Amino acid sequence: MKKCQFCGKPATVHLTQVINSEMQNVDLCDECAAKHGLFEQSGSPLSVLAALGEAMFGTTNQNLAVNGLICSNCGCTPTIFKESGRLGCENCYKDLRPLIEKIIENSQKGVKHLGKQLANCTSEGNGNAEREAPAPQKHICKNHKCACKHDHKHDLGSLKSELERAIAEERYEDAAVLRDKIKKYSN
Amino acid sequence: MNELRKVLFRDDQETTSMPIVISSRIRLARNLKGYKFPRHSTRMELSRVAETCKSILLGCKLLKDPKIFAIDSLSATERCALVEAHLCSIELSKSEFGAGLLVANGNSSAVMFNEEDHLRLQIFRQDLDFKTMWLRISEFDDYIAHSTNIAYDANFGFLTSCPTNVGTGMRSSVMLHLPGLVITSQVNVVINAVQKLGFVVRGLFGEGTSASGSIFQISNQYTLGLSEIDIISRLYQVIISVIANEELARKWLLKNKSLAVCDNIGRSFGALSWSHTMGSEEAISHLSNMRLAVDYGFLPQAWRAGLDCLLVNVQPSHIQLANDKQLSTEERNIQRATAIRKFFEKMPSLKF
């Protein structure tokens, strides 16, 4: 079975398009097809194909264009990840960080874990295991060196996507608040 | 009867069921610290992880009557049957050395090990009680974290083989029966809206949006940047809204298209009661109409859980295993119709 060219899961949607007289195939799983608007009624199939083509083959293929990275523990590289759709080990999150950040930016709601902390799970543990340190309480914004809760750069990215979503859903009051926040952070 | 058949064909079948909602699930992906992720592991590493996972899981008091299956010891039919029963993913069913499945608590808990991640904990229910599900799976997760070191990063949260699962590592999903929205051609509008809110919609058996039996699965897309409670609350809100739309569509159909609705249900009842050969697609479609009939009150509510169970038991690999021999498609269709007729012998007549 062919694999999704975005995430490596089994592909269920197969598209063919011709770029510069050459036939190119795009294989996607349901999830990524949905993510790229393939099932949306409003988007024409052509525009979807164009967007996918650009993402997969175009000159602006910046999605996974992070070269020269290699995991010092398992040897995983961006190319291996692109082929298999899977990282090799936990250390890949450190050594392939630029790649990971791009993927997360494209596929997740935010860049910071807000869920259950491992330290809380293990607080009643036997204490003989090496544990991850809990998240630091004080955070200094990397970009503006202020003591706000998040990095502004990251905030801007998520705020912009939230703004787009609010506009798409016609939540104009929310959109106005988001627009003001973006303006404030941009300054 | 071997252990796998006991799991697939349980004597104590579920008796709880509710209209529109077929089942809910929470899944947590976890990896052991210090081991490569399964798809990049050697046989020796897979073997070590499998042994560690098994010993941790078998020592867990939260898992009652646990049964462990090594995937490479199962036949292709047995693997497919586990997928049909929604206990195991397609990816795990295709795995070989070191991959395994644990099923416990009367099939309401399952753990896949050495699938895409070292551990995937799953909890199932037949209703929308996500609070109870979360408390149970979180307690189970705490036990795992107490028992071994887990791959975790203060920024990225629980580290997973695919960055699309990182953070909470949580997928919560609900399987919904939406014939009203399908018949009134509104389902694509609803799917579109749900997707824009950051949720993924799939058909029951992976055929895309025109799902067999009008059954759809809705799950969260984001796992990072939201807490588990946020993910569950958002999913719950979305599901409640989809249910409200489905209820409206059903009311509209009964008011404006009652002849067509009753005719469809009546024909399905006849086909299920009297057919001598039936393909699985046709069976799913008729059984979907019967679930609708129960929800409309044309059949007693007590039969809904049995219909849900039959929906799984008429799948090709279940038919094959129930008959304990290799069957051709034609033979399967005959056996399927026979099993359905037997079920419908006891079914009271429709009351429109």
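Residue numbering restarts at 1 for every chain, and letters A, B, ... go by the order of the sequence lines. What you are looking at is a predicted structure, and each value in this text was computed from that prediction instead of being measured. Note that these values count all heavy atoms, side chains included, but never hydrogens, waters or copies made by symmetry.
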| task | Flag the one option from Asn31(B), Ile231(B), Leu197(B) with the top tally of heavy-atom pairs under 4.5 Å to chain A. | result | Leu197(B)
| Is the backbone of Ser317(B) close enough, under 3.5 Å, to the side chain of Glu84(B) for a donor and an acceptor to pair up by distance? | yes
| More than 12 heavy atoms from other groups under 6.0 Å of CG on Leu135(B) | yes
| Just by modelled atom types, is the Ile71(B) backbone N or O under 3.5 Å from a matching donor or acceptor in the Arg79(B) side chain? | yes
| said: Heavy-atom pairs under 4.5 Å with chain A: which of Gly157(B), Cys162(B), Pro163(B) has the most? | reply: Pro163(B)
| request: Under 4.5 Å heavy-atom distance to chain A, tell me which part of Ile144(B) shows up: side chain, backbone, both or neither. | output: neither
| request: Identify, with sequence neighbours excluded, every residue that meets side chain to side chain contact (heavy atoms under 4.5 Å, CB included) alongside Ser185(B). | output: none
| said: Please classify the contact of Ser138(B) with chain A as side chain, backbone, both or neither, using a heavy-atom distance under 4.5 Å. | reply: both
| request: Looking only at non-hydrogen atoms, find the nearest pair between Trp134(B) and Ile26(B) and report the distance. | output: N-CD1, 3.8 Å
| query | Looking at residues at least two apart in the chain, or sitting in another chain, which of them share a side chain to side chain contact (heavy atoms under 4.5 Å, CB included) with Tyr236(B)? | reply | Leu128(B), Phe130(B), Ile240(B)
| message | Which atoms of Cys92(A) are under 4.5 Å from chain B, going by heavy atoms: the side chain, the backbone, both sets, or neither? | response | neither
| said: For a 4.5 angstrom cut-off between non-hydrogen side-chain atoms, does Phe216(B) reach Leu181(B)? | reply: no
| request: Please look at Leu28(B) and chain A and tell me whether the side chain, the backbone, both or neither of the residue comes under 4.5 angstrom of a heavy atom of that chain. | output: neither
| Do Asn220(B) and Arg171(B) have side-chain heavy atoms sitting under 4.5 Å apart? | yes
| Who in residues 112-121 of chain B is close to chain A, using a strict under-4.5 Å heavy-atom cut-off? | Glu116(B)
| query | What part of Thr160(B) is in contact with chain A, defined as an atom under 4.5 angstrom from a non-hydrogen atom: side chain, backbone, both or neither? | reply | both
| query | Who are the ring pair (Phe, Tyr, Trp, His ring centres under 6.0 Å) partners of Tyr93(A), not counting sequence neighbours? | reply | Phe156(B)
